[in-house]
2 protein chains.
Amino acid sequence: MNVECIQKLRKGHFKITPKRRAILELFDKKDKCLSPEIIWTHLKKTFKQSGFPSVYRNLEIFVKQGILFRVERQGRKRYYALCHDHSGHHHHHIICVECGKADVFPECSFPDIKSVKGYKILNHSMQINGICKDCQ
Amino acid sequence: MNVECIQKLRKGHFKITPKRRAILELFDKKDKCLSPEIIWTHLKKTFKQSGFPSVYRNLEIFVKQGILFRVERQGRKRYYALCHDHSGHHHHHIICVECGKADVFPECSFPDIKSVKGYKILNHSMQINGICKDCQ
DNA sequence: TTCATAAATAGAAATAATTTCTATTTATAA
DNA sequence: TTATAAATAGAAATTATTTCTATTTATGAA
Ligand SMILES: [Mn+2]
Ligand SMILES: [Mn+2]
Ligand SMILES: [Zn+2]
Ligand SMILES: [Zn+2]
């Protein structure tokens, strides 16, 4: 777990636990989006004791702290991937629909407007779907 | 159910059934995104007999035919809203986070590129979240 | 280093959204 | 009018996610 992730957890008064380290190291190693189940299966190899609810809770904590983001994929499972950006700047991500590989998408062209059609704009979410070099 | 929706269903060889009419009329009337459960509750008033699985299946058929689109909201329920565009042109939507009202977002500024970082770009999805005039 | 404490955890159980299955009904084209 | 594929209801199954509680642990303060 790198120093930026530690800082992001400390900022929210979250503890640095072995399970949390292991989860983030798995993301580092796999370099793609992962489901809670995949993560839990992996944790069981190292820890023998490992609860599903902890995985869910930790994933949402990581999202809250800007370490992971949610990925939309086919099916009704959740997926998460490393944000890979510690600057805090607004950005989006591109996901490989085949293997789930995730990268930062380098620009956001969303117009700098405060409102449209009477709506006050709060935020926008975008996901770019593609096929990565390896899967092409 | 307007003529465009009928055409979109016919194009896929889907039948025009009373339940399908009623679902789309509910969307017309409510002018906001709806969950399967809300739709089913409404259908039961008119039809007495009404199955939950039919609602789910029809909602996905409507998405497939470009009549509805999926809305992301807090919680683990699905929501759908009327696409309100029969031109077939690419566009996005703005959703009121309070009441679920949905409108077409008039422009897409996504760059006209075919690839980025080695990924072949397939598509992108975007949702703009805001607060509508009535909810402000 | 020790200790007090809030935070994190495991495991079991509950929840609830969604899907599957099958017998029956119905919209549609011929 | 009729044959047929499509749609449906209702019950049951599935399964991802959440809740609950007793126990353990990371951390900051003494
Ligand atoms: Mn953006
Ligand atoms: Mn767009
Ligand atoms: Zn790939
Ligand atoms: Zn609103």
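Residue numbers start from 1 in every chain, and the chains themselves are labelled A, B, ... in the order their sequence lines are given, proteins ahead of strands. Side-chain atoms are counted along with the backbone in the values below, which use heavy atoms only and exclude waters and symmetry mates.
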Open item on the list: Please check: side-chain N/O of Lys15(A) versus main-chain N/O of Arg10(A), any donor-acceptor pairing under 3.5 Å?
Closed with: no

Just the rounded figure in Å: distance from [atom2] of [N] to [atom1] of [X].
X: Arg21(B); N: dT26(C); atom1: CZ; atom2: C1'; value: 14 Å
X: Lys19(A); N: dT24(D); atom1: NZ; atom2: P; value: 13 Å
X: Glu60(A); N: dA16(D); atom1: CD; atom2: C1'; value: 13 Å
X: Ile16(B); N: dA7(D); atom1: CD1; atom2: P; value: 10 Å
X: Asn58(A); N: dA7(C); atom1: CG; atom2: C1'; value: 11 Å
X: Gln74(B); N: dT17(D); atom1: CD; atom2: P; value: 15 Å
X: Ile6(B); N: dT28(C); atom1: CD1; atom2: C1'; value: 14 Å
X: Arg10(A); N: dT27(D); atom1: CZ; atom2: C1'; value: 8 Å

Any idea which of [options] is nearest the [X] side chain?
X: Pro36(A); options: dA8(C), dT8(D), dT17(D); result: dT17(D)
X: Pro53(A); options: dT19(D), dT28(C), dT8(D); result: dT19(D)
X: Lys77(A); options: dT8(D), dA16(D), dT18(C); result: dA16(D)
X: Lys15(A); options: dT18(C), dA26(D), dA7(D); result: dA26(D)

Centroid separation [X] to [Y] less than 6.0 Å:
X: Phe110(A); Y: Phe105(B); value: yes
X: Phe69(B); Y: His93(B); value: yes
X: His92(A); Y: His124(A); value: yes

Open item on the list: Between Arg20(B) and Glu37(A), which residue's closest nucleotide on DNA chain D lies nearer the 5′ terminus?
Closed with: Arg20(B)

According to a strict under-4.0 Å criterion, is [X] in side-chain N/O contact with OP1 or OP2 of [N]?
X: Thr17(A); N: dA26(D); value: no
X: Arg57(A); N: dC20(D); value: no
X: Arg78(A); N: dA16(D); value: no
X: Arg76(B); N: dA16(D); value: no
X: Ser54(A); N: dA10(C); value: yes
X: Gln49(A); N: dT9(C); value: no
X: Tyr56(A); N: dT17(D); value: yes

TODO: Identify, with sequence neighbours excluded, every residue that meets salt bridge (Lys or Arg N to Asp or Glu O under 4.0 Å) alongside Asp31(A).
DONE: Lys101(A)

